[in-house]
Amino acid sequence: MPGQQKRKRSRERAHRRAAAVRGHWEPLFSTQVHAEMKEYVRRLIAEGEVTDPETLRIDQFCGRLTHPTSYRVSVFVPEGSA
């Protein structure tokens with residue numbers, strides 16, 4: 001698949017950076033609507049609440065027959081600022 005290796009390297013770099021700084025991921029927003037999640041992330045960046053988009057994490061929990069797909073937006077909080 002085109003671009004797969006580039007995405008893998010990008011994820012590996014992000015993991016190395018995150019390992020160098022102690023902290024945790026704090027959930028900010030959860031929804032089952034993809035458009036709602038995208039709008040929330042756009043608003044966070046536009047309002048300046050998140051200065052570095054790499055501190056955001058978007059988790060997609062895949063749904064099955066009984067559970068719909070849901071999305072969760074989290075932000076990385078360094079250990080000293082919590």
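Predicted model only: the values in this text are computed from it and were never measured. Note that these values count all heavy atoms, side chains included, but never hydrogens, waters or copies made by symmetry.
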Original post:
Are Val41 and Val33 co-members of a hydrophobic cluster defined by side-chain heavy atoms under 4.5 Å apart?
Top reply: no
Subject >> Nearest-0.5 Å distance, CD of residue Glu26 to CZ of residue Phe76 >> reply: 11.5 Å
Original post:
Of all heavy-atom pairs between Ser74 and Pro27, which one has the smallest distance, and what is that distance?
Top reply: OG-CA, 3.7 Å
Original post:
Can you name the side chain to side chain donor-acceptor pair (under 3.5 Å) partners of Thr31, sequence neighbours left out?
Top reply: Glu36
Subject >> Listed partners of Phe29 passing ring-ring contact (aromatic ring centres under 6.0 Å, His included), at least two apart >> reply: Tyr40
**OP:** Taking side chain to side chain donor-acceptor pair (under 3.5 Å) as the test, write out the residues that go with Glu54, two or more places apart.
**Re:** Arg17
Subject >> Sequence-distant partners of Arg57, salt bridge (Lys or Arg N to Asp or Glu O under 4.0 Å), two or more places apart >> reply: Asp59
Original post:
Among pairs that include at least one residue of residues 51-73, which meet ring pair (Phe, Tyr, Trp, His ring centres under 6.0 Å), considering only residues two or more places apart or in two chains?
Top reply: His34-Tyr71
**OP:** State, with a plain yes or no, whether a side-chain heavy atom of Leu28 is found less than 4.5 Å away from one of Leu44.
**Re:** yes
**OP:** Identify, with sequence neighbours excluded, every residue that meets salt bridge (Lys or Arg N to Asp or Glu O under 4.0 Å) alongside Glu39.
**Re:** Arg42
